[in-house]
Structure formats: structure tokens, C-alpha cells
Amino acid sequence: MEGKSATSSHQGRSRTAVDELERRPAVRGRPRQLDDAVRRERLVAAAEHVFVEMGYGAANMDGIARRAGMSKKTIYQVFETKQELFAAVIDSRRNELAAMIESEGADESRKPEEVLKQFLRQIARFVLAPRQAALYRLAVAESQRAPELANAFYREGSTKVCSPLTEWLAAQHERGILHVPDPMSAAKMLFYMAIAELQMRVLIGECRDPDEAAIEERVDHAVQVFLDGARVRALRDAERRRSPASRSSV
């Protein structure tokens, strides 16, 4: 009883999908009762645990099936390849961030610097979290032996993580508030300006978990540098648009 109590106490401290999977171990024969969404969620959670624990190369569908409490046949009904399953793991993490950002929304009445700081702080907390850092290390470590892993990580990772920020920057450009003709490139630039140094320190173990003050300082500086340039160019573009009209009216 003591072992069971200790396990319950430990599991109660975490709400991640992997820990939820461990709290509710599947019983053989029951997966058929699960709907498709629950089955997929359980497989992705099990796969993330196995990938991080064993490495992508050593992980196999048999081990993931055992971890999920399902048959290998069930896995192949949902995911055709290990690469597809890894891409789903990355995508699930990105969806968590998207849900966080969407839940707060971007109030158009707020100043650009306030919105950018909110976006980037959320992204930084997500990217620098131990769980996400573990997946990043996995992709780097296995990239030579399994280039498809790195491709999936890049395709489903930073590019899509920046999607909400890209959309917001595009809207600001259309409204003439900021000069951002290439919002995707601008979003990635902001991402790396705000996060790259802290991320590198986390990945090499120099800093295990950046505190909130360090994140805010880096984000605030990146936003200031970006807006100093974007605002100046926006004003200049507005002046250029007015000048031809002024000359033609004379």
C-alpha cells in the first residue's frame, strides 16, 4: 500500500499527458473501447515518453505499443510509420502552445509592444521547458542517423510555433501600424532574438531552467529592437504614400 500511495502522490504533481497515461494504465483488450481521439492521444503520450527515454533510433513500435497498453496493430491503424508518430508528438506540443496563446487572444486595443511581449514570453516558457528541451536534444542527437527526425522537428516545430505571431504581424502590416512585408521571416527573427541564447544555455546544461526575470529581460530587449526599426519604416512608408498624392494635386 505504501508503494501505491507514493506513486499516486508523485503522479498528482504533474498534469502532462505522459503522466496522465501512467496514472491510467491501459488494460489489454480495452483499447477497442476508446474513441479515435483518445486512442491517438494515448499513443502520442506513450511515444513521447519512449522517444525521450530510449532515443529515436532505439525506440520501436512494439515498445510504444506496450507503453500505451495497446497492440502494435492498433498503432499502425493510426500511424503508418515511426516518423509520422514522432511528427505527431511534435505537433501535439505545438498545439498546446497554440491553445495557450489563443486562450488569451490579442486585444487590438493594446499597444504592439504589449502584445509582442505576451506572445514571446509564452513561446519562451514553452520552448525552454524541460519537456520541450528534451525533444530538441533528441532531434539534434539523432539528426545524422535519422535526418527525417530533424526534418519533422523543424517542420512541426519552430516554423509552426511562430504561426500565431506571423499572423499578428501580417495584420499589423496590412493596417499600416508596422512595416513587416515578410511577417514569417520577422516572426522567426523575433523568436531567435528573444529565445536563442537562453535555449542554447538550456540545451548544453549551463542553465537548467531560466527564471522569469531572465526571460522577460531578453524578450523586452528583442521587442524594443524590433519595434524601433519597424515603426520608423512604417512612418517612412506612410510619408512616401502621401507624397505622390501631394505632388499630383499641386
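Reckoned from all heavy atoms, side chains included, excluding hydrogens, waters and symmetry mates. All figures in this text were calculated on a predicted structure; none of them were measured in a lab.
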Task: Ser92 side-chain N/O to Val89 backbone N/O, donor-acceptor pair under 3.5 Å - done: yes
Open item on the list: Using only atom types and a distance under 3.5 Å, with no angle test, would you say the side chain of Lys82 pairs donor to acceptor with the backbone of Asn60?
Closed with: no
When rounded to the nearest 0.5 angstrom, what is the spacing between [atom1] in [X] and [atom2] in [Y]?
{"X": "Gln122", "Y": "Ile215", "atom1": "CD", "atom2": "CD1", "value": "11.5 Å"}
{"X": "Ile75", "Y": "Glu80", "atom1": "CD1", "atom2": "CD", "value": "13.5 Å"}
{"X": "Asp36", "Y": "Glu41", "atom1": "CG", "atom2": "CD", "value": "13.0 Å"}

With side chains defined as the heavy atoms from C-beta onward, is the minimum distance between [X] and [Y] less than 4.5 Å?
{"X": "Phe79", "Y": "Val44", "result": "yes"}
{"X": "Leu116", "Y": "Trp168", "result": "yes"}
{"X": "Leu165", "Y": "Phe191", "result": "no"}
{"X": "Phe226", "Y": "Leu169", "result": "yes"}
{"X": "Ile64", "Y": "Arg67", "result": "no"}
{"X": "Glu114", "Y": "Lys117", "result": "no"}

Got a sec, which residues hit salt bridge (charged side-chain N to carboxylate O under 4.0 Å, His left out) with [X], two or more places apart in sequence or on another chain?
{"X": "Glu212", "result": "Arg125"}
{"X": "Glu84", "result": "none"}
{"X": "Glu113", "result": "Arg231"}
{"X": "Arg40", "result": "none"}

Write down the atom of [X], the atom of [Y], and the distance for their closest heavy-atom approach.
{"X": "Gly63", "Y": "Val50", "answer": "O-CG2, 4.2 Å"}
{"X": "Leu190", "Y": "Ala222", "answer": "CD2-O, 3.9 Å"}
{"X": "Ala141", "Y": "Arg145", "answer": "O-NH2, 4.1 Å"}
{"X": "Val180", "Y": "His173", "answer": "N-ND1, 2.9 Å"}

- [ ] Could you tell me whether Asp182 and Lys188 have a side-chain N and a carboxylate O separated by less than 4.0 Å?
- [x] no
Task: Electrostatic pair Glu48:Arg131 at N-O distance under 4.0 angstrom - done: yes
Task: Ser71/Thr74 under side-chain hydrogen bond (donor to acceptor under 3.5 Å, both in side chains): CA gap, chis, key distance, verdict - done: CA-CA 5 Å; Ser71 68; Thr74 300; 2.8 Å; yes
TODO: Determine which pairs satisfy salt bridge (charged side-chain N to carboxylate O under 4.0 Å, His left out) with at least one residue from residues 52-64, sequence neighbours left out, and list them in order.
DONE: Asp62-Lys72
Open item on the list: Over 60° means perpendicular and under 30° means parallel, so tell me whether Tyr56 and Phe86 are parallel, tilted or perpendicular.
Closed with: perpendicular
Can you give the donor-acceptor pairs under 3.5 Å from side chains of residues 193-205 to other protein atoms, not counting sequence neighbours?
| from | atom 1 | to | atom 2 | distance (Å) |
| --- | --- | --- | --- | --- |
| Glu197 | OE1 | Arg218 | NH1 | 3.1 |
| Arg201 | NE | Glu206 | OE1 | 2.6 |
| Arg201 | NH2 | Glu206 | OE1 | 3.4 |

Open item on the list: Using the rule given for side chain to side chain contact (heavy atoms under 4.5 Å, CB included), can you reason through Leu85 versus Met61, listing the C-alpha separation, both sets of side-chain angles and the distance that settles it, and then say yes or no?
Closed with: CA-CA 10 Å; Leu85 184 50; Met61 292 302 215; 4.0 Å; yes
